[in-house]
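Here the structure is laid out as structure tokens; the discussion comes afterwards.
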Protein chains: 2
Amino acid sequence: MPEREADRSVSQTVRAQLALRDLILSGGLRPGERISELQAVETTGVSRTPVRMALVRLEEEGLLEAIPSGGFMVKAFSERDILDSIELRGTLEGLAARFAAERGVSARDLEPLKECLNEIDGLVRQDPISVEAFSSYVALNARFHPLLTELSRSPPLIRQIDRASALPFASPSGFVMAQSALPEAHQILLIAQDHHRVVIDAIENREGARAEAIMREHARLAARNLRLALRNRTHLDLLPALALIKSAAAD
Amino acid sequence: MPEREADRSVSQTVRAQLALRDLILSGGLRPGERISELQAVETTGVSRTPVRMALVRLEEEGLLEAIPSGGFMVKAFSERDILDSIELRGTLEGLAARFAAERGVSARDLEPLKECLNEIDGLVRQDPISVEAFSSYVALNARFHPLLTELSRSPPLIRQIDRASALPFASPSGFVMAQSALPEAHQILLIAQDHHRVVIDAIENREGARAEAIMREHARLAARNLRLALRNRTHLDLLPALALIKSAAAD
DNA sequence: CGCGCAAGTAATGTATACAGAAGGTACTCA
DNA sequence: TGAGTACCTTCTGTATACATTACTTGCGCG
């Protein structure tokens, strides 16, 4: 079947949203820079209507900021903003873990999570850990966290966590790859995996406060990774999203 | 100056958004009901383009749900959803209070909050409390909570709290008016005001954990109000948003 | 030489026309 | 009588044209 010009199956709006998001995260647009709709029409190849829709959605996503007089600009983030976003995500995931513990979960619901954990165990046993193993870890981690969130069985909370994780630097896997270049890499991964095991154990034993606390601390690993990566200033290219940081980056 | 057909100063999109939100919250549309764009065009009087924009924003706001095949429907909420949304808001406000306590706030920043508290004190001294006093309380409460949130000086958190409070039944003032019809009304108001004083005290003394805990508990007053109002089933007309609840309401 | 105003230009907000798809209904066949 | 199919209606998604508003540039006046 002919499939020129990208997928014909997805809507123009989604296509524009993806294209613009990539453009922003790859640093194609400077923070604070106004996004011209016509310019966006040229780069995305779709009409103004879906472009406008995509811009609105990217604003809600947090990547854009509305200009009072009209239009949108690329949002700029401080390092503090990012750290706060991580703490925020950890707090929400903590709430989800507490809900799961307090309300109880069936062994059947826990099954896919334990599978994840076992697969991750296979990875972290390596020393040193290969880059491919890191990629696998990112994938497994990106599977584990949503599963954990869903254990809360709370649609409003799940929704809010999704929104809080939409910002790439706030997502559970946002800074794992940055970590791969660090000497502490293996150690941090072992700790993260221990957090995973502890939160499942806490949920199984209906220990709400413990489940909540460990998820908060778990998120703070991401904050540590960010700080280490910024200080070392090595392999920052692994983190395209950092193009949005105000002071740093911007070579 | 002529001002027919509503304000000419606000955009059509905002006008449509307000009109549709009122329509939904007043129960004009049943939960689960599909919102036809053309029908929305007729009721709002604006064209399809701003109507579509308004629908997208109302979806992000949480009042609408996207239908996979296209279009939007009015979202339905369970009582549990609402209770979770309140707990969620309390958790976020707790985080804001903790940030404020940990990072410290100046006496100048606290001034407007203390003014609020003093004004509320003047209200809760009455016994019994008039309906007008309740309205004044709602207004003051709606001023206090955003001020408290801003003490965190964390734009990402402020943004997330705004979004969590957008749902009318999750907002800090969502169930205060319902409470006015209850025999426990005065007592609950006194407790709420004590929470306000305690959180400010905790922030002043840099007691982060205490500030966080009290805001969580403070939000649970709203949950109590909701449960009492639903059990008593009196003055439910004060809560138009309850038209969105799945099982209840729906006469 | 600097500030302010005006005019031109460009960009956004809005309206509408068109195409494609989804859903409903009626009819036919088993 | 029930199920399946085909057609028709109605809706959404997209494109584009138009109007209004904001911004910029250049000129004139102080």
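Proteins come first, then strands; the chains are lettered A, B, ... in the order of their sequence lines, and each starts at number 1.
Annotation: side chain of A/Leu244 is not in contact with side chain of A/Ile82 (no heavy-atom distance under 4.5 Å). Side-chain atoms of A/Leu148 and A/Glu93, non-hydrogen and from C-beta on, never get closer than 4.5 Å to each other. Considering only heavy atoms from C-beta on, A/Thr49 stays 4.5 Å or farther from A/Gln12 through its side chain.
Between the side chain of A/Arg220 and the backbone N or O of A/Gly90, no donor-acceptor pair lies under 3.5 Å. Looking only at distances, no side-chain donor or acceptor of B/Arg57 sits under 3.5 Å from a matching main-chain atom of B/Arg52.
Non-hydrogen atoms lying under 4.0 Å from DNA chain C are contributed by A/Gly70, A/Gly71, all within residues 56-74 of chain A. DNA chain D lies under 4.0 Å from at least one heavy atom of each of the following residues of residues 40-48 of chain B: B/Arg48.
Backbone-only contact: B/Ile35 has heavy atoms under 4.0 Å from sugar-phosphate atoms and none from a base. Contact annotation for A/Thr49: base contact, defined as any heavy-atom pair under 4.0 Å involving a base atom.
Salt-bridge annotation for B/Lys114 and B/Asp109: absent, with no side-chain N of the basic residue lying under 4.0 Å from a carboxylate O of the acidic one.
If you find the closest nucleotide of DNA chain D to A/Val14 and to A/Arg34, the one lying nearer the 5' end belongs to A/Val14.
A perpendicular orientation is assigned to the rings of B/Phe77 and B/Phe169, their planes being inclined by more than 60° (bins at 30° and 60°). Classification of the B/His145-B/His218 ring pair by plane angle, with boundaries at 30° and 60°, yields parallel.
In this entry the distance linking CD of B/Gln39 with P of D/dT9 reads 21 Å, nearest Å.
Minimum heavy-atom separation, A/Lys75 to A/Gly62: CD-O, 3.2 Å.
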Working for salt bridge (charged side-chain N to carboxylate O under 4.0 Å, His left out), residues A/Arg21 and A/Glu61: CA-CA 10 Å; A/Arg21 187 189 301 154; A/Glu61 201 171 311; 2.9 Å; yes

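The span of DNA chain C lying next to chain B, judged by atoms under 4.0 Å from heavy atoms, is bounded 5' to 3' by C/dT14 to C/dG23.
Expressed to the nearest 0.5 Å, how far CD1 of B/Ile24 lies from CD1 of B/Ile35 amounts to 4.5 Å.
Distances shown here put a side-chain N or O of B/Arg52 below 4.0 Å from the OP1 or OP2 atom of D/dG13.
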